[in-house]
Amino acid sequence: MQRIKVTLSLLLLLSLTAFSCESKQEQKKDNEQTAGTQTVAVESPFSSENAYEHLQKQVDFGPRVPNTDSHAACLQYLYETLAATELEVQRQPMELTAYDGTVLRATNLIASYKLERTSRVMLFAHWDTRPMADHDSDPALRDKPIDGADDGASGTAVLLELARIIAGADLKNIGVDILLFDAEDYGVPEGVAYNGRTETTWALGTQYWTKQTHVEDYKADFGILLDMVGAKEATFYREYFSVNAASRYVNKIWATARSMGHSKYFINEMGGAITDDHYFVIENLRIPCVNIVNYNPSRTKGFGDYWHTHQDNMDNISKETLQAVGETVWKVLLDYDAEQGK
Ligand SMILES: [Zn+2]
């Protein structure tokens, strides 16, 4: 993904608007509920051990760049892991054209819980990794593909563990779709001239899916994108497009995280505007989506220093971060299911 430059005043304005509309009441309530620093430790079925194992396995295949053997082997692993649950799994193979004309043989995976239900939540991540390290400090290594332990594998790992939980859960009202999108990170490299809208060179698998959804006229009440959710010292700020399209769900997720004691990760302030998979789901399907992404507006890159470098490896991964994200998303789903039953 990449960062879009949005003027600070626009971001400020938007954050003020977001806080001043329907969200104000909720915000107040959330603040009251979490007044003081007391939080109750909640037993969660989410296991960061399992998620970490899924993450390590993906990295062990090598960089998951479309058209490579590592990519094909990882796809098989992801498919088998999802198929081993009770979820209904579909493969969506595609041929996509990258910014440089390369034809990418890519595949989206979709695992569905209770396909017949109309009230649905989509959870998504990208599973491919960047074919280059264009932000690496060593110029000699910039054309080498990265491990993508955080950028790619982390969101996918959390979703594989959530798939296990969801498949065995007894949700009464909602259906869930877990979507693992391919070819997100093949976007135009830093410093390379591109004759077109650079944002459209990212999230190719997601763009394809939004035009040919796995079921006709696919709809979801809202979506949550997990991208770079496993790093030590990760911070998740409220992202611009998410707040713009889905402020109610942003509020809910950040309040839930806070109530579970995860405020050090989920920072209740505006971050950046990020061209990521959620952007195209919002634009093309009008589904409100929230991006949980490691970003901090005070950092030089915004993303972590390891972003699109060879430092995006296993050394950078924290089970604690995976746990915070996984159990928060699961709680949000549980609460939403209960709310839909009222
Ligand atoms: Zn990336």
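For ligands, and for the atoms within them, numbers begin at 1 and follow the listed sequence. This chain uses plain numbering: 1 for the first residue, then up along the sequence.
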Neighbour count >12 (heavy atoms, 6.0 Å) for atom CD, Gln56: yes
Tyr295-Tyr237 aromatic ring centre distance below 6.0 Å: no
Linked hydrophobic residues, Ile146 as query - side chain contacts closer than 4.5 Å: none
Hey, can you pull the donor-acceptor pairs under 3.5 Å for the side chains in residues 183-197, sequence neighbours left out?
unit_1	atom_1	unit_2	atom_2	d
Glu184	OE1	Met1	N	3.4
Glu184	OE1	His126	NE2	3.4
Glu184	OE2	Met1	N	3.2
Asp185	OD1	Met1	N	3.0
Asp185	OD1	His308	NE2	3.3
Glu190	OE1	His135	NE2	3.2
Arg197	NE	Glu199	OE2	3.1
Arg197	NH2	Glu199	OE2	3.1

Atoms of type N/O/S from protein, distance to the Zn ion (ligand 1) below 2.8 Å: 4
Those residues that, when tested against Arg142, pass salt bridge (charged side-chain N to carboxylate O under 4.0 Å, His left out) (two or more places apart): none
Pair Lys301 + Asp305, salt bridge at N-O below 4.0 Å: no
